[in-house]
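The structure appears right after this line, and notes come after that.
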2 protein chains.
Amino acid sequence: MAKVALSRREQNKAEKRGRIIAAARALFAHKGFEATTTQQIAEAAEVAAGTLFLYARSKDDLLILVFREEMIELVERAYRLARREPALIEQLVTYFETFVAHHERDLPLARALMRQLAHVAGADERSEVNELMTNVLGRLSLIIESAKGRSQARFETPLTPAARAVFGVYYFNLLSLLNGYINREQFDRDLRGQLELVLRGL
Amino acid sequence: MAKVALSRREQNKAEKRGRIIAAARALFAHKGFEATTTQQIAEAAEVAAGTLFLYARSKDDLLILVFREEMIELVERAYRLARREPALIEQLVTYFETFVAHHERDLPLARALMRQLAHVAGADERSEVNELMTNVLGRLSLIIESAKGRSQARFETPLTPAARAVFGVYYFNLLSLLNGYINREQFDRDLRGQLELVLRGL
DNA sequence: CAATAAAACTGATCATACTCATATTTATCC
DNA sequence: GGATAAATATGAGTATGATCAGTTTTATTG
């Protein structure tokens, strides 16, 4: 921990930020995203209504604030679990299923979060989301790279495009799940089937 | 045209609907989606503020109203253009590039539209969006199926999963473009590279 | 055609995300 | 440590998407 010499100001800000995130997380989980008002979050965090918008550009932005650390841990865990699998297809399935299992705890909220991730507002938000995506795609690249060593992927396969293609497949299926076009069972089947297809080629 | 025997009521509704769509389209194009108020649309369409919400459940929903027919034609045109190509990879690239060329005329609006398509509100909207997606994916399936006949795709490749996988790849790249992570040139390169990858397998 | 019912429309009203002029708190300087 | 500047917080105010009780228009019935 390199948390030395936090000035009074920085302490207060960090503390307030923490209260806001905690309040937002609790209310979103309890009442849902739309049903939660920014007033309620402000009250629960014991800050004024306007203060909220010094820490998040918008209500939507609160979602990113709330989920950022959570997502970083999730990606880490998904990667750890995926690495234990011997076959590339299982690694990919495990990686993505770990995400979905997490999202399944609160599908409406995950839906709101995905909406926000897919519609970044400005430069600041873009770089935040980009950081997260880089993390997710980076792990995917590592998984694919290691599969090359086990002869489960061609050596010529470029890692970044491969990771992005595979993620695209996952993402579209996730949207189908979150928007109620398919259920979890179908999602599992579809994802696996499509990933197999991508590994083999059409 | 099977437009026989429109009752007075149906006539009025169709006319009003048309005015609302036209007004919304014009204002969105001219001032952008966020900067356009529902009041302005109502005024331009010469209906009361509340009437708007009898034709669209929400402001966001107006986007779907505005773009539905447009999208149907676009898919048709993209399919026609794609069929002229001899190679599967070129067919896919052409199909998707036709979409993007259309979206490029107004990127912010396309971004708003994609956001809405990815976040359907209720059952009615879901079926509307579903209809559109079925159309898009259906054409994709046809393209892939015909490639089987030319030995550019395996016979065993299941069409629907293949179409969905390929679309997923496109969709994720489209989001990157719309959110400003990449520019058009990069998009073109990335899309082609990733589609080639999916055709060959990893 | 008058009476009744059903559908469609209206616009004042409401709820709430977000702003901004003002006040308060914290840091800096001599 | 008092004065000044900078950063942060406040909450009343604003803009606007959405609602809904009341009105108007259209259809139906006898």
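Note that this is a predicted model, so its numbers are computed, not measured. Within every chain, numbering begins at 1; the chains are lettered A, B, ... in the order of the sequence lines, protein sequences first and strands thereafter.
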| task | Kindly assign one of parallel, tilted or perpendicular to the pair A:Y170 and A:F187, based on the angle between their ring planes and the thresholds 30° and 60°. | result |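 Perpendicular, since the angle between the ring planes exceeds 60°.
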| With under 30° as parallel and over 60° as perpendicular, where do the rings of B:Y171 and A:Y171 fit, or are they tilted in between? |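 The arrangement is parallel - the two ring planes meet at less than 30°.
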In whole angstrom, what separates [X]'s [atom1] from [N]'s [atom2]?
X	N	atom1	atom2	value
B:I20	C:dA8	CD1	P	13 Å
B:D60	D:dG17	CG	P	10 Å
B:K59	C:dA17	NZ	P	16 Å
A:N12	C:dT24	CG	P	17 Å
B:K31	D:dA15	NZ	C1'	13 Å

| task | By nearest nucleotide on DNA chain D, pick out whichever of B:T38 and A:A48 is the more 5' one. | result |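 Between the two, 5'-proximity favours A:A48.
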| field | B:K59 NZ/CZ over B:F53 ring centroid, <6.0 Å and within 45° of normal | value |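 No.
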| request: May I ask you to list the residues of residues 49-57 of chain A, by number, that have any heavy atom positioned under 4.0 Å from an atom of DNA chain C? | output: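 Close to the strand are A:G50, A:F53.
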| message | Of the listed nucleotides (D:dA9, C:dC18, D:dG11), which one gets closest to any side-chain atom of A:S58? | response |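 Looking only at heavy atoms from C-beta outward on A:S58, the closest nucleotide is C:dC18.
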| Contact class for B:R9 vs. all strands (heavy atom < 4.0 Å): base, sugar-phosphate, or nothing? |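 Answer is base: heavy atoms of B:R9 come under 4.0 Å of a base.
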| task | Output, in order, the C-alpha distance, side-chain angles, deciding distance and verdict of salt bridge (charged side-chain N to carboxylate O under 4.0 Å, His left out) for B:R184 and B:D188. | result | CA-CA 6 Å; B:R184 177 70 194 272; B:D188 290 350; 3.1 Å; yes
